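Inspection log for the structure reproduced underneath, given as structure tokens.
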Amino acid sequence: MSRTSRTVTVTALIAGALLSAAAVPATAHEDRHHHRGVEIGQIQFDAPGPDRFSNRSVNGEYFTVVNTSRRPVQLRDYTVSDGSRTYRFDRLRLRGGEEVVVRTGFGRDQRLLRFQDSDRHIYSNFRGGLVLRDRGGASVDRCFWNWRDGGHTGC
């Protein structure tokens, strides 16, 4: 093989590798193949104001799950876990474009507002993450935060 042919071949291989690398997202978070369009929308991991044991303060923590598709999704037995505590959805049909808010404290569950019934804050104000799993236990989405996010992160 001539020097020119080798140079052209190497250049083509490098160009192909660069194009392949550009097609792969930089982080796994960007590579979210949303399972039926369901994902974690946002997390308020640090309740506004000082952390107190009042229900109002505890309910300042929440996460959302959003259906980004146009089709309804049944969330029954889907779970959201931070590694030590797991929230399991009961029967909830989330229509296309809808979002359900899950607050940490006590309250009366409504269709798009749910409560975990905890009497204390459960998310770290410094760093953590949530994993959304379908009823079969497969990971659907994940979202991570740290203190630099200022208490709230969009996923």
Side-chain angles (χ1 to χ4, degrees), residues 16-155:
L18 289 172
L19 286 173
S20 295
V24 176
T27 66
H29 191 66
E30 295 170 11
D31 183 28
R32 295 179 3 172
H33 300 291
H34 304 299
H35 185 71
R36 299 185 189 116
V38 181
E39 63 185 64
I40 299 168
Q42 50 186 302
I43 305 167
Q44 179 72 42
F45 58 89
D46 185 5
D51 286 353
R52 304 203 187 280
F53 292 108
S54 71
N55 193 50
R56 181 178 180 172
S57 177
V58 173
N59 272 329
E61 290 183 345
Y62 65 86
F63 65 84
T64 67
V65 173
V66 62
N67 180 357
T68 60
S69 75
R70 293 182 177 160
R71 303 179 70 110
V73 175
Q74 178 54 253
L75 292 182
R76 179 180 210 138
D77 293 329
Y78 275 57
T79 61
V80 177
S81 176
D82 68 350
S84 62
R85 183 176 177 103
T86 299
Y87 176 80
R88 181 176 306 277
F89 284 97
D90 59 4
R91 189 171 179 194
L92 172 61
R93 185 172 180 252
L94 201 57
R95 297 181 195 123
E98 284 187 326
E99 179 177 69
V100 59
V101 177
V102 181
R103 296 197 176 270
T104 299
F106 290 90
R108 189 167 160 255
D109 285 347
Q110 300 170 32
R111 197 173 102 64
L112 296 177
L113 176 61
R114 305 296 172 101
F115 296 88
Q116 296 189 56
D117 298 335
S118 174
D119 60 355
R120 45 188 77 206
H121 298 272
I122 60 177
Y123 303 123
S124 168
N125 293 348
F126 302 102
R127 74 174 76 72
L130 293 179
V131 178
L132 173 65
R133 295 186 185 278
D134 66 15
R135 67 181 57 93
S139 177
V140 173
D141 193 20
R142 354 179 133 243
C143 185
F144 301 93
W145 69 84
N146 67 51
W147 62 272
R148 286 184 220 102
D149 293 322
H152 178 270
T153 190
C155 302

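Remember, predicted model here, so these are calculated numbers, not experimental data. Quick note: numbers below take in every heavy atom, side chains included, and nothing from hydrogens, waters or symmetry partners.
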Side chain to side chain contact (heavy atoms under 4.5 Å, CB included), that's the test. Do F45 and R127 meet it? Break it down for me. CA-CA 9 Å; F45 58 89; R127 74 174 76 72; over 6 Å; no
Please set out all donor-acceptor pairs under 3.5 angstrom arising from side-chain atoms of residues 143-151, sequence neighbours excluded.
unit_1, atom_1, unit_2, atom_2, d
W145, NE1, S124, O, 3.0
N146, OD1, R148, N, 2.8
D149, OD2, N146, N, 3.0

Please answer whether the main-chain N or O of D51 pairs with a side-chain N or O of S57 as donor and acceptor at a distance below 3.5 Å. no
Would you tabulate the side-chain donor-acceptor contacts of residues 94-107 under 3.5 Å, counting partners in other chains and residues two or more places apart, or write 'none'?
unit_1, atom_1, unit_2, atom_2, d
R95, NH1, E98, OE2, 3.3
E98, OE1, R95, N, 2.8
E98, OE1, R111, NH2, 2.5
E98, OE2, R111, NH2, 2.4
E99, OE2, T64, OG1, 3.1
R103, NH1, N59, O, 2.7
T104, OG1, E61, O, 3.3
T104, OG1, E61, OE1, 3.2

What heavy-atom pair brings T79 and R88 nearest, and what distance separates the two atoms? CG2-NH1, 3.5 Å
Holding to ring pair (Phe, Tyr, Trp, His ring centres under 6.0 Å), I want the full list of residues that pass it with Y87, two or more places apart in sequence or in another chain. F89
Counting only heavy atoms from other residues, nucleotides and ligands, does the tally under 6.0 Å from CZ of R85 exceed 12? yes
Between D119 and F53, is there a side-chain heavy-atom distance shorter than 4.5 Å? no
For the student: nearest non-hydrogen atoms of S81 and T86, plus distance: OG-OG1, 3.3 Å
Checking H121 side chain against R52 main chain: does a donor-acceptor pair fall under 3.5 Å? yes
For Y123 and Q116 the tightest heavy-atom approach is OH-NE2, 3.1 Å
Rounded at 0.5 Å granularity, tell me how far CZ in R114 sits from CG in L92. 4.5 Å
Value for OG1 (T153) from CG (D46), rounded to nearest 0.5 Å, stands at 12.5 Å
CZ on R133 to CG on D141, rounded to 0.5 Å: 11.5 Å
Rounded to the nearest 0.5 Å, how far does CG of L130 lie from CD1 of I43? 4.0 Å
Heavy-atom pair with the smallest gap, counting every atom of S139 and R142: OG-NH2, 3.6 Å
So how far is it from R135 CZ to R76 CZ, rounded to the nearest 0.5 Å? 9.0 Å
